[in-house]
Amino acid sequence: MTAILVLHGPNLNALGRRDRHHYGTLTLDEINRRIAERAEHLGVSVDCFQSNHEGALIDRLQESAGRIDGVVVNAGALTHYGLSLKDALTDAGVPVVEVHLSNIHAREEWRRRSVLADTALGQIAGLGWRGYTAALEALVGIIADEAG
Ligand code: DQA
């Protein structure tokens, strides 16, 4: 069965309490439930992991080596400077889709640059929690296409 790792970076554990204008009202548990429901519908397995620590995200990626077919990642602010996470995503050797709840391109200048973007197949930003399920669906479709 196709296996997808969903990584959530720093501060995403506080969703629901954070700036609702940018990040919506759902908690991370509620978002993970919607991701799991979509995964079930698509017939794939999904593992959702959040950490406030870059090293823990890297550890999870390395532990998953050889057991995952793709990654959906919202790295939070690590998006903008997390070069160790970027290297780990590259080393994972599987397709990656980058997600942001908010439209990072319509916010402060420093949020507009993603150091992960050229590691990813593509990026979904500004669609709220739906970005995760859209990313999952696209990633699973692309993996199936590649498997031929
Ligand atoms: C975010 C955007 C980042 O700039 C920010 O640091 C976050 C969340 C988003 O989902 O919109 O923590 O990745």
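Counting starts at 1 for both ligands and their atoms, following the listed order. These values consider heavy atoms only, across backbone and side chains, with no hydrogens, waters or symmetry-generated copies.
Under the 4.0 Å criterion applied to side-chain N and carboxylate O atoms, R34 and E37 are not assigned as salt-bridge partners.
Using a 4.0 Å cut-off between heavy atoms, R112 makes no contact with ligand 1 at all. Counting heavy atoms under 4.0 Å from ligand 1, residue R111 touches it through the side chain alone.
A heavy-atom separation below 4.0 Å is found between I104 and ligand 1. For the pair H22 and ligand 1, no heavy-atom separation below 4.0 Å is found.
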Assess the residue pair I31 and L101 against the criterion (side chain to side chain contact (heavy atoms under 4.5 Å, CB included)); give the C-alpha distance rounded to whole Å, side-chain angles, the decisive distance to 0.1 Å, and a yes or no. CA-CA 11 Å; I31 291 176; L101 295 155; 4.3 Å; yes

Let's go through H105 and Q123 carefully: what are the C-alpha distance in whole Å and the side-chain angles of both, what is the deciding distance for side-chain hydrogen bond (donor to acceptor under 3.5 Å, both in side chains) to 0.1 Å, and is it a yes or a no? CA-CA 11 Å; H105 304 288; Q123 182 193 75; 2.8 Å; yes

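For ligand 1 and N74, the ligand atoms under 4.0 Å from any heavy atom of the residue are 1 (C), 9 (C), 10 (O), 13 (O). Proximity to H80 (heavy-atom distance under 4.0 Å) selects the following atoms of ligand 1: 3 (C), 4 (O).
Here the shortest heavy-atom distance to atom 10 (O) of ligand 1, taken over L101, V99, L12, belongs to L101.
In terms of protein heavy atoms, atom 1 (C) of ligand 1 is closest to H100 ND1, 3.8 Å. Taking atom 8 (C) of ligand 1 as the reference point, the nearest protein heavy-atom neighbour is Y23 CE2, 3.5 Å. Atom 11 (O) of ligand 1 has its closest protein heavy atom at S102 OG, 2.6 Å. In terms of protein heavy atoms, atom 12 (O) of ligand 1 is closest to R18 NH1, 3.1 Å.
At a threshold of 4.5 Å between non-hydrogen side-chain atoms, the residues Y132 and I124 do not count as touching.
The structure places CD of E54 at 6.5 Å from OH of Y81, a figure rounded to the nearest 0.5 Å. In this structure, D87 CG and L61 CG are separated by 11.5 Å, a value rounded to the nearest 0.5 Å.
Donor-acceptor pairing under 3.5 Å is lacking for the side chains of S51 and R60.
Below 30°, between 30° and 60°, or above 60°: for W110 and H80 the angle between ring planes is above 60°, a perpendicular geometry.
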